[in-house]
Amino acid sequence: MEIRRDSGARPLNLGLAGFGTVGRGLARILDENRDNLKLRSERPIRIRSILVRDPARARACPFPPQAKICADMDDLIRDPDIEVVVELMGGLEEAGRLIRGALEAGKHVVTANKALLAEEGGELFRLAARRGLHLGYEASVCGAIPIVQTLREGLSANRILTLFGILNGTSNYILSAMTSTGMSFDLALRQAQELGFAEADPSMDTEGLDAAHKLTLLIRLAWGVDYPFSLLPVEGISRTAPEDIGFAREFGYNIKLLGYARLEAENSRGRPRLEAGVFPTLVPRNYLLASVGDSYNAVRVEGNAAGSVFLHGRGAGSLPSGSAVAADILQIARGARPNNLGYVLPELPQAEILPPQETSASYYMRLTVLDRPGVLRDVAAVLAGNDISIAQAIQRGQKDVVPLVIMTHATTPVNAARALAQVKATGVLFADPVCYRVMPPSA
Ligand code: HSE
């Protein structure tokens, strides 16, 4: 096919904030895939300016030759030739100022900033809607995986029933490495940091906060409601031991850090009642999600019309995240109408959150106990007293202190927590109990 070299169309000028991993990936894609992009948009896409903290700092990767380098965000906001501000610097305060300033100046925005959109997104989306501007954020959830587009467009005619996601590559890398080699959490985390996909503060990854930011954005897209980030139950993987991975395997599961959301029903005003959270979860080993290894991300969405849809891919990295940023920019270059959230209302209502006593799950419990007569009886009595039925149990080891591992039938998180507190109070435990949810078999 002959590729037109110059359409004569007005270029789409970008003001790029940040020239780190994703910014460099974007620049490379715009350069190396230029011919492909020309087939998809009349308007050539150009990086006009790049905002960096220290323009004089020597860099291994040179700036694109035509770009102006600046250190003041007003240089992007005030430049009348810049139509799109691409925010790839991360953080809350400065990035928030830049995005607000750009929208107020009438510029479209594309960002990979999941923390900002999860915590302060409501206000920014309202501002973009008022001004009729794009606020693109495909790269902020699961890097290259087009899950924003999928929920906003491809599955938009569905009532979404459930959403399960491996939303954080670092924690998936850690759990996968622990599963395949038996290595410790600390060693696996060090490897993930060396590979460069952990957040600057890796506790964002390992404590589940990064996944929770992404889940907040996915809930908005799937159900058209704001689920306040601060109310989302979040638990990380930093206490997961190789022995939990081993016991889970014996029961037929892999442990994954899952972001989870489920529509229970609509309330009387038609607003969705949701159960959601981020939890280390035992996933049956024959499920696709259980075999998502390395630092890959995956999302499984179930729509009432489409059935189950599974997306898998690179959740971070220079080119994978750059690919998602470039796709958002391309939509703007093509003159698409802004459709940032996928809903008519510019202001989304707050989600109705299902109270924990109305939810249920089966649990994996690892109790470190003294191997003495009556311990199992006492633990079983506490569980029975909280209406928890034991499905399977393993106790293994020759020492005085041994792991007693129990898989329960479905119970409420309230009962599970109360039972564990009561077991602790009996004085039989030698370490804090470990308790993980099991992904429901029907899911
Ligand atoms: N630290 C994130 C992860 C990168 O490990 O998935 C992209 O959000």
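All ligand and atom numbering here is 1-based and tracks the order in the structure.
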Y436 ring center near Y363 ring center (under 6.0 Å):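 That pair fails the under 6.0 Å test.
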Atom pair CG (D210) and CG (L215), whose distance is rounded to the nearest 0.5 Å: 11.5 Å
Counterpart residues, side chain to side chain donor-acceptor pair (under 3.5 Å), relative to N158 (two or more places apart):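 Checked N158 against side chain to side chain donor-acceptor pair (under 3.5 Å); zero matches.
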Counterpart residues, side chain to side chain donor-acceptor pair (under 3.5 Å), relative to R190 (two or more places apart): none
What does the contact table look like for ligand 1 (nitrogen or oxygen on each side, cut-off under 3.5 Å)?
{"residue": "ligand 1", "atom": "1 (N)", "partner": "F197", "partner atom": "O", "Å": "3.0"}
{"residue": "ligand 1", "atom": "1 (N)", "partner": "E199", "partner atom": "OE2", "Å": "2.7"}
{"residue": "ligand 1", "atom": "1 (N)", "partner": "D205", "partner atom": "OD1", "Å": "2.7"}
{"residue": "ligand 1", "atom": "5 (O)", "partner": "N168", "partner atom": "ND2", "Å": "3.4"}
{"residue": "ligand 1", "atom": "5 (O)", "partner": "G169", "partner atom": "N", "Å": "3.3"}
{"residue": "ligand 1", "atom": "5 (O)", "partner": "T170", "partner atom": "N", "Å": "2.8"}
{"residue": "ligand 1", "atom": "5 (O)", "partner": "T170", "partner atom": "OG1", "Å": "2.7"}
{"residue": "ligand 1", "atom": "5 (O)", "partner": "F197", "partner atom": "O", "Å": "3.4"}
{"residue": "ligand 1", "atom": "5 (O)", "partner": "D205", "partner atom": "OD1", "Å": "3.4"}
{"residue": "ligand 1", "atom": "6 (O)", "partner": "G169", "partner atom": "N", "Å": "2.7"}
{"residue": "ligand 1", "atom": "6 (O)", "partner": "K214", "partner atom": "NZ", "Å": "3.4"}
{"residue": "ligand 1", "atom": "8 (O)", "partner": "K114", "partner atom": "NZ", "Å": "2.6"}
{"residue": "ligand 1", "atom": "8 (O)", "partner": "K214", "partner atom": "NZ", "Å": "2.8"}

Which residues share a side chain to side chain contact (heavy atoms under 4.5 Å, CB included) with A298, sequence neighbours left out: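 By the side chain to side chain contact (heavy atoms under 4.5 Å, CB included) rule, A298 matches L289, V292, F310, H312.
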Face-on cation placement of R314 at Y296 ring, 6.0 Å and 45° thresholds: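 Cation-pi check for R314 and Y296: passes.
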